[in-house]
Amino acid sequence: MANSINIDSKRLTDSLQTLGKIGQYKDVATGLTGVRRLALSAEDGEGRRHVVSLMKQAGLTVTIDRIGNVFARREGTNPTLAPMMMGSHIDSVPTAGMFDGCLGVMSALEVIRTLNDNNIETLRPVVMAFFTDEEGCRFGVDMLGSAVATGRIPLEQAYALRDRDGLWFKDELEKIGFQGEAPVLLKPPHAYLEVHIEQGPVLRAKNLDIGVVAGVQAISWQELTIQGKPAHAGTTPMELRADAGVAAARINLRMREMTEDAKYGTQFRATMGAIRPHPGLVNIIPGQVIATVDVRNPEDAFLKKAEADLIAFYDEVARREKVKITWRQTARTDSVRFNDTVQALVSKGATSRNLKSERIISGAGHDAQEMSHICRAGMVFVPGEFDGISHNPREFSTPEQCANGVNVALDVVLALANEA
Ligand code: GLV
Ligand code: MN
Ligand code: MN
């Protein structure tokens with residue numbers, strides 16, 4: 001590529017590590033130190049204030065919208081043109097590492113710092129963003145901030161969400177001081193680019209440097225409430241039981257069997273990640289179970305079929321186990337295909353830097369998929385070590401893997417921010 005500008009890999013690593021120190025916790029399962037910055041927690045507030053101060057130090061103009069999405073703008077030579085936007089999220093699952101989301105946000109900062117260092121002006125403004133509550137672990141809806149900013153979810157619906165302790169989203173947003181004034185509906189940027197760790201094993205196993213993300217698979221989340229009858233474990237004859245735990249187990253096993261059934265394609269994924277029995281004691285038949293269902297498929301039709309079949313199966317289990325099963329949809333997104341031009345620019349950037357790349361479909365949800373509904377959007381994936389483990393303190397991409405992705409992003413941003 002004509003320009004031979006590179007980002008500062010050490011500075012990128014330092015900024016990831018510094019952010020990764022906010023919200024550290026000791027993980028009992030691994031003995032490692034991980035990151036816990038649940039959306040709108042005090043730790044999220046501290047992380048946000050830290051990133052905002054870095055944005056200001058880089059000379060950017062910071063805007064916060066009514067759902068707490070934060071945007072920081074570097075002016076273009078033509079300020080009236082729609083900006084080139086980069087971003088991701090800094091909230092985390094409760095058992096996180098320091099890369100998920102943060103790499104995208106720190107990439108955006110690093111690209112801007114590189115433009116600053118090299119006195120490079122761009123025709124269009126460049127905006128870096130971090131979106132509120134991408135993970136959905138606390139309030140139940142993933143990509144919430146970007147979905148509200150792009151109009152898929154109404155602001156009032158987001159404000160009305162509650163966490164497990166009954167705390168309201170809106171109150172928690174106010175509490176950390178991030179309920180901004182800016183209108184929540186985002187003016188479509190010129191294009192949007194997000195750098196992210198792959199969060200899976202594919203790139204590393206194939207010895208690839210860069211994933212050119214072609215799209216994101218469809219994702220459906222449900223919360224099930226299974227109501228049985230709590231009773232004594234020793235004295236209640238088996239035929240008199242209404243065991244909500246057994247009902248949850250049957251559903252979980254059926255989900256596994258469905259992933260092995262070609263009727264749902266070859267890439268159906270299903271997880272019952274939370275199973276909360278009540279009262280949850282050794283000698284009491286669970287009277288109630290709250291359980292979650294996470295089903296995903298790159299093909300929308302396969303996912304729809306799986307959802308319908310699962311719902312029918314709930315009735316079957318309810319009859320068989322003499323329990324009542326109710327469910328509610330907590331999140332649902334169709335599959336998304338990223339913009340061809342953005343994908344081509346990512347490929348081109350990788351090739352010109354002698355990096356090996358391939359197209360890949362994202363198994364995880366991302367803010368970029370919401371942005372794809374209002375502008376041309378795309379993503380750059382970088383490989384992860386240890387089978388690309390993620391949502392875990394072992395999550396790790398090397399400084400070189402990260403820098404490769406951010407250098408490619410720099411090329412893409414330079415191309416798109418200079419488009420008339
Ligand atoms: C987001 O991390 C997801 O669950 O895909
Ligand atoms: Mn993420
Ligand atoms: Mn995540």
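Numbering of ligands and ligand atoms starts at 1, following listing order.
- Within ligand 1, the atoms closer than 4.0 Å to a non-hydrogen atom of R296 are 3 (C), 4 (O), 5 (O), numbered from 1 in the order shown.
- Near A364, with a cut-off below 4.0 Å to any heavy atom, the atoms of ligand 1 are 5 (O).
- Heavy-atom minimum distance, S146 versus D367: OG-OD1, 2.6 Å.
- At a threshold of 4.5 Å between non-hydrogen side-chain atoms, the residues V70 and V51 do not count as touching.
- Of all the N, O or S atoms in H391, the one closest to the Mn ion (ligand 3) is NE2.
- Minimum heavy-atom separation, P189 to M371: CG-CE, 3.6 Å.
- With contacts defined as side-chain heavy-atom distances shorter than 4.5 Å, the pair H50/L19 qualifies.
- Near G365, with a cut-off below 4.0 Å to any heavy atom, the atoms of ligand 1 are 1 (C), 3 (C), 5 (O).
- Considering backbone and side-chain N/O of D294, none are found under 3.5 Å from N/O of ligand 1.
- Geometry at the Mn ion (ligand 3): OD2/D100 and OE2/E135 form an angle of 80°, nearest 10 degrees.
- The shell of residues lying under 4.0 angstrom from ligand 1, judged by heavy atoms, includes H391.
- Only the side chain of E135 comes within 4.0 Å of ligand 1, counting heavy atoms alone; its backbone N, CA, C and O stay farther away.
- Inclusion of H89 in the first shell of the Mn ion (ligand 3) is not supported: no N, O or S atom falls under 2.8 Å.
- Under the side-chain contact (heavy atoms from CB on, under 4.5 Å) rule, S88 has a single partner from E134, E194, M128, which is E194.
- Using cut-offs of 30° and 60° on the angle between ring planes, the pair F178 and F130 is tilted.
- Using bins of under 30°, 30° to 60° and over 60° for the plane-to-plane angle, the ring pair F71/F131 lands in the perpendicular bin.
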